[in-house]
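Have a look at the structure below, then the notes.
Computed from a predicted structure; not experimentally measured. No hydrogens, no waters, no symmetry mates; every other heavy atom, side chains included, goes into these values. Numbers here simply count residues along the sequence, with the first being 1.
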Amino acid sequence: MQNLLKLHLILFSLLVFLFGCSSSDLSEKEEKASEENFDLSAAEVDYINISSSNNSSKKNYTKNILIPLERIDGCDYVVKGKIEYVKDGAVVATVDFGDGECDDIATKTVDGKTSTFNLRGKKKSSRYKRNIIKPLVKINGCDYIVEGKIEYIKNGAVVATVDFGDGECDDIATKTVDGVDHEIKLNKKGKKHKKGKKQKN
């Protein structure tokens, strides 16, 4: 009986050691991902530029979701959905994600001109695949993307998302890694400076 008790103690100690190391390693990996500098810049073809007659850096448009955005299992991209952007009572831009087929192409119409753009974004990170899941928007008089969301994917899994906000011109975005929001401060080149973090509710 005493030998059996010793065996249980040894096994218990071994399990505590193994799981303790694993959770420590996991914690270090999570911390490393949260500190990662993701490329937040975007080429002009990646975003919608909503012009303003008075060059104001305030939000000067409203967004209407005509068809809800949809994703399907096994596809990294938004496959369906349509959004229009309205300024001074007129539609100035629309983004159409397609008819449900899994592809990385969407269509944007800005000031009457229609073009396609790649949901992976024109600029590519060497370490991560980028995926635009909410249209990126810029407005005149603002150096930053004011709205939109990008996912960063590595080895088939989403490792982070960056949300640029609700249309107001500021240098703040929110990066989410493992369910934890990190407020980040943008510079004019689309990179970030760490500002703080808060637990996602």
Side-chain angles (χ1 to χ4, degrees), residues 25-49 63 65 67-83 93-110 114-138 143-167 171-195 197-198 200:
D25 291 346
L26 181 60
S27 177
E28 286 174 19
K29 287 177 186 174
E30 287 173 359
E31 186 63 28
K32 187 175 181 182
S34 69
E35 297 296 318
E36 185 73 46
N37 279 325
F38 294 98
D39 180 10
L40 305 179
S41 60
E44 189 172 350
V45 294
D46 294 342
Y47 58 79
I48 301 161
N49 193 20
K63 176 174 74 174
I65 298 174
I67 301 171
L69 302 185
E70 288 182 26
R71 297 179 84 174
I72 56 176
D73 289 341
C75 185
D76 289 335
Y77 310 104
V78 174
V79 298
K80 190 174 185 180
K82 190 171 187 178
I83 300 173
T94 59
V95 175
D96 189 338
F97 286 90
D99 58 4
E101 182 182 340
C102 180
D103 60 33
D104 59 359
I105 301 296
T107 303
K108 66 178 178 178
T109 303
V110 181
T114 301
S115 60
T116 59
F117 68 100
N118 196 303
L119 296 173
R120 288 179 285 142
K122 199 72 173 172
K123 294 190 172 189
K124 296 177 185 173
S125 165
S126 59
R127 296 186 64 188
Y128 300 97
K129 177 180 169 186
R130 290 170 29 139
N131 177 11
I132 298 170
I133 56 173
K134 288 186 182 172
L136 306 179
V137 177
K138 286 190 87 173
D143 293 321
Y144 311 102
I145 294 170
V146 298
E147 184 177 346
K149 194 171 188 179
I150 299 176
E151 280 181 338
Y152 295 84
I153 299 167
K154 187 173 183 180
N155 299 327
V158 176
V159 295
T161 60
V162 173
D163 189 330
F164 290 92
D166 61 1
D171 61 353
I172 302 298
T174 302
K175 177 174 68 173
T176 303
V177 179
D178 294 323
V180 178
D181 289 345
H182 304 265
E183 191 174 87
I184 55 177
K185 188 169 181 179
L186 306 170
N187 68 26
K188 293 180 183 179
K189 293 184 180 177
K191 296 185 180 171
K192 64 112 180 161
H193 306 288
K194 184 179 177 199
K195 184 160 183 161
K197 65 181 177 179
K198 55 188 176 181
K200 188 174 184 180

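Summarising the geometry of Ile72 relative to Gly100, their closest heavy-atom pair is CD1-O, 4.0 Å, with the distance given to 0.1 Å. Scanning all heavy atoms of the two residues, the minimum distance from Asp143 to Lys138 falls at O-NZ, 3.8 Å. Taking every heavy atom of both residues into account, Leu69 and Gly81 meet most closely at CD2-CA, 3.8 Å. Residue Leu136 comes nearest to Gly148 through the heavy atom pair CD2-CA, 3.8 Å, listed as atom of the first residue, atom of the second, then distance. Closest non-hydrogen pair, Asn49 versus Val110, comes out as O-CG1, 3.7 Å.
Between Lys134 and Ile150, every side-chain heavy-atom pair lies at or beyond the 4.5 Å cut-off. Counting heavy atoms from C-beta outward, Val177 and His182 have side chains that approach closer than 4.5 Å.
Residue Ile153 holds its CD1 atom at 12.0 Å from OH of Tyr128, rounded to the nearest 0.5 Å. Distance check, rounded to the nearest 0.5 Å: CZ of Arg71 to SG of Cys102 gives 9.5 Å. In this structure, Asn118 CG and Arg130 CZ are separated by 10.5 Å, a value rounded to the nearest 0.5 Å. Taken to the nearest 0.5 Å, the CD1 atom of Ile184 stands 7.5 Å off from the OG1 atom of Thr174. In this structure, the separation between NZ on Lys108 and CD1 on Ile48 is 7.0 Å, given to the nearest 0.5 Å. Rounding to the nearest 0.5 Å places OG1 of Thr116 at 10.0 Å from CG of Asp104.
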Determine, step by step, whether Asn131 and Tyr77 satisfy the side chain to side chain contact (heavy atoms under 4.5 Å, CB included) criterion, reporting the C-alpha distance in whole Å, the side-chain angles of both residues, the deciding distance to 0.1 Å, and the verdict. CA-CA 7 Å; Asn131 177 11; Tyr77 310 104; 3.3 Å; yes
Is there a side chain to side chain contact (heavy atoms under 4.5 Å, CB included) between Glu183 and Ile172 once you walk through the steps? CA-CA 7 Å; Glu183 191 174 87; Ile172 302 298; 3.4 Å; yes
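In this structure, Arg120 does not pair ionically with Glu151, as no charged nitrogen and carboxylate oxygen lie closer than 4.0 Å.
No cation-pi contact links Lys80 to Phe97, judged by a cut-off of 6.0 Å to the six-membered ring centre and 45° from its axis.
For Thr114, the side chain to side chain donor-acceptor pair (under 3.5 Å) criterion is met by Thr109, not counting sequence neighbours. Under the salt bridge (charged side-chain N to carboxylate O under 4.0 Å, His left out) criterion, Asp163 pairs with no residue at all, not counting sequence neighbours.
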